[in-house]
Chemist: 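Here you go, one structure.
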2 protein chains.
Amino acid sequence: MADNIPDKERLDVRRRHETANIFSRLPATYAASRMQGQRLLKIGGLSIVEWRILWDVLEAGPITIRDLAELQRADHSQISRVLPKMSAAGWIELQRDKNDGRQTLISLTKEGVAAYERAAPIMAKRRAAFRKYFTEDEIKLWLDLLDRFDVFCQLSVEDILDTE
Amino acid sequence: MADNIPDKERLDVRRRHETANIFSRLPATYAASRMQGQRLLKIGGLSIVEWRILWDVLEAGPITIRDLAELQRADHSQISRVLPKMSAAGWIELQRDKNDGRQTLISLTKEGVAAYERAAPIMAKRRAAFRKYFTEDEIKLWLDLLDRFDVFCQLSVEDILDTE
DNA sequence: CAAAATTAAGTGACTTGTCACGGATTTTTT
DNA sequence: AAAAAATCCGTGACAAGTCACTTAATTTTG
């Protein structure tokens, strides 16, 4: 702690360390991406969670909450919590599955499709802009890193403690 | 919507699309990483925010809230909010900067160093495990992608809408 | 077939993260 | 030197995400 190195330099050193640490970078980068998404979706009056649901239901619906959560690699509670609001807005219809009474099937209404279509071109432009910043190969490489990182993140506390 | 493609296949198609979409992957991946971090820090009785603060203050302190936030690329409010609790726990000392009365200088107490040292070896093991999953070059490449993605995320709504 | 185990969904409680705004202090401009 | 602008920090309000627990329904097992 009580080094003789000037404060300014210790700050710079620390900044370089933080910059080179993937674990430090991820939260900030994801937050920035999320904020950008929120700003873009605000134009169409959607939240991120709503947008994801509309898109997935449009492409793969009618669909259960469970399957939606799996598609989005997210906890089902996140979806479950937003549905009443989306239903009240008239975007989706919820109906109990006749074959399996535990499940709820989500389908889009015309208003839901309209809500989707308000946001979709904007989000498509975002992806187009993204592809101007990164080549096809770079994206593939990145996805591969994410695949492997997902595996790493499944390591349990014991796995980590047993390292080395 | 009313395609003739079976539901199962549409789900698979959608899953592949989600899997290949960086914007879809980031939230899940970051969430998984954060959860792993939380589980590891729980052993030492720390939250993520607390851990980051302890580490940065140890390496670069005494330091202001502003500088801490900049190091972590996070909003100052996140740090500001946790400090009273950490001060009450006896880990840090807060004192108003004599040169600039707006600023608060954060420094570690002995108990703060002890709290850091309870978590540090565990987190070091995590980074060691991480380096077994990814080579030095891959990490460099990933950091470069993140650097460029950060630039992309700074694009304003207008920038995005002007695309193409 | 009854009992036990699993699964789907809803909900409470929490963490991590942002933005916006106000009050106090410092710095810059005129 | 006074006025204006900028900066630091605290706080309220919110979004996105998790886990743990409950209830209801279905499947599996004995």
Side-chain angles (χ1 to χ4, degrees), chain A residues 23-42 45-53 62-70 72-87 92 94-106 153-154 157, chain B residues 23-42 45-53 63-70 72-87 94-106 153-154 157:
Chain A
F23 296 109
S24 292
R25 298 292 300 276
L26 285 182
T29 297
Y30 169 55
S33 166
R34 193 180 64 218
M35 293 296 130
Q36 188 187 53
Q38 284 176 336
R39 276 191 288 272
L40 289 165
L41 286 168
K42 205 172 173 184
L46 293 178
S47 73
I48 289 181
V49 176
E50 288 165 351
W51 159 248
R52 286 202 285 243
I53 293 173
I63 188 173
T64 65
I65 294 178
R66 192 204 157 281
D67 284 345
L68 256 189
E70 190 242 304
Q72 300 179 8
R73 299 164 187 245
D75 194 88
H76 72 96
S77 60
Q78 191 170 36
I79 292 158
S80 176
R81 231 180 285 270
V82 190
L83 291 183
K85 196 188 151 210
M86 295 180 71
S87 177
I92 56 169
L94 303 172
Q95 61 189 76
R96 177 147 289 179
D97 189 330
K98 277 153 201 153
N99 297 343
D100 187 338
R102 292 168 301 182
Q103 299 186 141
T104 302
L105 278 172
I106 310 165
C153 289
Q154 293 309 311
V157 170
Chain B
F23 295 109
S24 293
R25 298 292 300 276
L26 285 183
T29 297
Y30 168 54
S33 165
R34 192 180 63 218
M35 292 298 129
Q36 188 186 52
Q38 285 175 335
R39 277 191 289 271
L40 289 166
L41 286 168
K42 205 173 174 183
L46 293 179
S47 74
I48 290 182
V49 177
E50 288 165 350
W51 159 248
R52 287 202 285 245
I53 293 174
I63 189 173
T64 66
I65 293 178
R66 192 204 156 281
D67 284 344
L68 256 189
E70 189 242 305
Q72 300 179 8
R73 300 165 187 244
D75 194 271
H76 71 94
S77 61
Q78 190 171 35
I79 292 157
S80 177
R81 232 180 284 270
V82 190
L83 292 183
K85 195 189 150 208
M86 295 180 71
S87 176
L94 303 171
Q95 61 188 77
R96 175 147 287 179
D97 188 330
K98 278 153 200 154
N99 299 342
D100 186 337
R102 292 167 302 183
Q103 300 186 142
T104 302
L105 278 172
I106 311 166
C153 289
Q154 292 309 311
V157 171

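Lettering follows sequence order; numbering is per chain, from 1.
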Chemist: What is the minimum heavy-atom distance between B/Glu50 and B/Gly45, and which atoms define it?
Modeler: OE1-O, 4.1 Å
Chemist: May I have the distance from A/Gln95 (atom CD) to C/dA8 (atom P), rounded to whole angstrom?
Modeler: 18 Å
Chemist: Could you pull out the closest heavy-atom pair between B/Ile106 and B/Leu94, with the gap in Å?
Modeler: CG1-CD2, 3.8 Å
Chemist: Listing request: all salt bridge (Lys or Arg N to Asp or Glu O under 4.0 Å) pairs with a residue in residues 95-105 of chain A, at least two apart in sequence or in separate chains.
Modeler: A/Asp100-A/Arg102
Chemist: Between D/dG10, C/dG10, C/dT6, which nucleotide gets closest to the side-chain atoms of A/Arg102?
Modeler: C/dT6
Chemist: For the OH atom of B/Tyr30 and the CE atom of B/Met35, what is their distance to the nearest 0.5 Å?
Modeler: 8.5 Å
Chemist: Any idea which of D/dA16, C/dT15, C/dT25 is nearest the B/Gln38 side chain?
Modeler: C/dT15
Chemist: Please state how far atom CD in B/Glu70 lies from atom P in D/dT7, giving the value in whole angstrom units.
Modeler: 14 Å
Chemist: Given D/dT7, C/dT16, D/dA16, which nucleotide is nearest the side-chain atoms of B/Ile48?
Modeler: C/dT16
Chemist: Write down the distance between CZ (B/Arg66) and C1' (C/dA24), rounded to a whole number of angstrom.
Modeler: 18 Å
Chemist: Rounded off to whole Å, could you give me the CG-to-P distance for the A/Asp67 and C/dA8 pair?
Modeler: 8 Å
Chemist: Determine whether a donor-acceptor pair (N or O, by modelled atom type, separation under 3.5 Å) exists between the side chain of B/Ser87 and the backbone of B/Leu83.
Modeler: no
Chemist: Donor-acceptor pairs under 3.5 Å, side chain of residues 75-82 of chain B to any protein atom, not counting sequence neighbours: which ones?
Modeler:
| unit_1 | atom_1 | unit_2 | atom_2 | d |
| --- | --- | --- | --- | --- |
| B/Asp75 | OD1 | B/Ser77 | N | 2.9 |
| B/Asp75 | OD1 | B/Ser77 | OG | 2.6 |

Chemist: Between C/dA9, D/dA25, C/dT16, which nucleotide gets closest to the side-chain atoms of A/Asp100?
Modeler: D/dA25
Chemist: Can you say whether a donor on the side chain of B/Arg34 sits under 3.5 Å from an acceptor on the base of C/dT16, or the other way round?
Modeler: no
Chemist: At a heavy-atom distance below 4.0 Å, what parts of residues 73-84 of chain B sit against DNA chain C?
Modeler: B/Arg73, B/Ala74, B/Asp75, B/Ser77, B/Gln78, B/Arg81
Chemist: Can you work out whether B/Ser47 or A/Lys42 has the more 5'-proximal nearest nucleotide on DNA chain C?
Modeler: B/Ser47
